[in-house]
Chemist: 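Take this structure, written in structure tokens, and hold onto it; I'll ask about it next.
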Amino acid sequence: MYPTDRPRRLRTDGIRPLVSESSLSATDLVAPVFVDATTDERVPIESMPGHERVPLDEAVARVEEVRDTGVEAVILFGIPETKDSTGSRAYADDGVVQRAIRRISESTDAYVIGDVCLCEYTDHGHCGVTEEGAESDPTLTVRNDETLALLAETAVSQADAGADMVAPSSMTDGQVATIREALDDAGHEDVALMSYAAKYESAFYGPFRDAADGAPAFGDRRHYQMDPANRREALREARLDAEEGADVLMVKPGLPYLDVVSDLRREFDRPIAAYNVSGEYAMLHAAAEKGWLDLEAVAHESLVALKRAGADLIVTYFAEDLADRL
Ligand code: PBG
């Protein structure tokens, strides 16, 4: 005789919330903010509807808008006034992100996270110093060890400016240990570190590269970001970062990598973050624009899925829109 059991008993309106296994709240979310030194007006980002690059003078106002929705944390990305081969505006004390952090931490209560990478600041768009001849030879790549010192300098300059947390995203081997040591040496032992531990070489970053103007001018990032085919390797990356002193371990992108989020949740006792990236945002918007999907519903479902897989916090372009209704 079927059914032998009736799971539907737990799906009435009265009990659904009582037995819900995952929840989403505004305080789980981190909103990305783009500060642009090349403009004095807000510039909409075409491939990311609702998002814009803001001039330095608007940085505080932008963060206040985020805070007004109930989202308490922001991650800052900078578009510098000039770029060069070593990304020197990434670690300048008067760099666009450093200046923005200074203002935001002085005049808001936001939890401020600085993304630590060179790709928005190098003229070649790679995440570190490139090898000689890399423009014409796709087998050549970023020099790992030379990049480390520049990342450390970037992180310390952001901490000096008042960042609460730094988030290295360049997939340079040894970056977590190098940055942690540099922060501690500079007296920033209280500044937290969230590593982009399992960051894949993903085509879902497309719209971000428009937003932050950080597409590689030649080659791609497959020699330093992870191969999308690899799952076990994410555990190795996360283990290294945990041992090197990461406080939070991030998986990026989010939705296509739920297995990795779940693995890290099970394997580590640190908070796990997921980055619901620009492409995940853009494709839902594009489909909604065509009338094919209900934007609010699919956005909410996406973030609940990340929570269900094991994410504690989520970096997402949907932060403000969803927080408003949570
Ligand atoms: C910097 C960085 C990138 C993203 C976050 N930090 C770009 C990249 O690695 O190409 C992507 C974020 C997104 O797509 O939303 N390295």
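Keep in mind that the numbers below use all heavy atoms, side chains included, and drop hydrogens, waters and symmetry copies. Numbers for residues simply follow the sequence, beginning at 1.
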Chemist: Show, in sequence, the C-alpha distance, side-chain angles and deciding distance for Arg89 and Asp94, and conclude whether the salt bridge (charged side-chain N to carboxylate O under 4.0 Å, His left out) test is met.
Modeler: CA-CA 8 Å; Arg89 299 305 295 169; Asp94 63 348; 3.1 Å; yes
Chemist: Using the rule that Ile, Leu, Val, Met, Phe, Trp and Tyr join whenever any side-chain heavy atoms are under 4.5 Å apart, tell me whether Leu235 and Leu249 fall into a single cluster.
Modeler: yes
Chemist: Mind checking whether Val251 and Leu255 sit in one hydrophobic cluster, side chains of I, L, V, M, F, W, Y counted as touching below 4.5 Å?
Modeler: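 Each belongs to a different hydrophobic cluster.
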Chemist: Run the side-chain hydrogen bond (donor to acceptor under 3.5 Å, both in side chains) test on Thr86 and Ser88 for me, step by step, so that the C-alpha distance in whole Å, both residues' side-chain angles and the decisive distance to 0.1 Å come before the verdict.
Modeler: CA-CA 5 Å; Thr86 57; Ser88 60; 4.8 Å; no
Chemist: Around Arg8, counting heavy atoms of other residues, nucleotides and ligands shown, do more than 12 lie under 6.0 Å from its CZ?
Modeler: no
Chemist: If you take the centroid of each ring, where Trp contributes its six-membered ring, are Tyr200 and Tyr205 closer together than 6.0 Å?
Modeler: no
Chemist: Would you say that more than 12 heavy atoms from the other residues, nucleotides or ligands in this model lie under 6.0 Å from the CD of Glu181, or not?
Modeler: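 Atom CD in Glu181 is not packed in, count stays at 12 or less.
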Chemist: Strictly below 4.0 Å, N to O, side chains only: are Arg62 and Glu65 in salt-bridge contact?
Modeler: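 A salt bridge is present here (some side-chain N lies under 4.0 Å from a carboxylate O).
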Chemist: Before we go on, tell me: are the rings of His300 and Phe318 under 6.0 Å apart, centre to centre?
Modeler: no
Chemist: Indicate the atoms forming the closest heavy-atom contact of Leu313 with Pro271, along with that distance.
Modeler: CD2-CB, 4.4 Å
Chemist: Under the side-chain contact (heavy atoms from CB on, under 4.5 Å) rule, what do Val30 and Val71 come out as? Steps first, then yes or no, please.
Modeler: CA-CA 7 Å; Val30 179; Val71 173; 6.0 Å; no
Chemist: What's the shortest heavy-atom distance between Asp115 and Ser169, and which atoms?
Modeler: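 Taking every non-hydrogen atom into account, OD1-OG, 3.1 Å.
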Chemist: Quick one: does Arg99's side chain have a donor or acceptor within less than 3.5 Å of a partner on Asp93's backbone?
Modeler: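 Looks like no, no N/O pair under 3.5 Å.
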Chemist: Are any non-hydrogen side-chain atoms of Leu148 and Thr172 less than 4.5 angstrom apart?
Modeler: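 Yes, side chains in contact.
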Chemist: Looking just at side-chain N and O atoms, do Ser262 and Arg266 make a donor-acceptor pair shorter than 3.5 Å?
Modeler: yes
Chemist: Any pair with a residue in residues 275-293 that passes salt bridge (charged side-chain N to carboxylate O under 4.0 Å, His left out), sequence neighbours left out, goes on the list, sorted by first then second residue, please.
Modeler: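 Residue pairs passing salt bridge (charged side-chain N to carboxylate O under 4.0 Å, His left out), neighbours aside: none found.
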Chemist: I need the single residue from His188, Gln98, Arg102 that forms a side chain to side chain contact (heavy atoms under 4.5 Å, CB included) with Gln158. Which is it?
Modeler: Gln98
Chemist: Ring-plane angle category for Phe218 and His124, please: parallel below 30°, perpendicular beyond 60°, tilted otherwise.
Modeler: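 Correct class here is tilted.
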Chemist: Going by the salt bridge (Lys or Arg N to Asp or Glu O under 4.0 Å) test, name the single residue among Arg270, Lys307, Arg265 that passes it with Asp312.
Modeler: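 With Asp312 as partner, salt bridge (Lys or Arg N to Asp or Glu O under 4.0 Å) holds for just one option, Arg265.
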Chemist: Check for me whether Lys199 meets the cation-pi criterion with Tyr275, that is, NZ or CZ under 6.0 Å from the six-membered ring centre and within 45 degrees of the ring axis.
Modeler: no
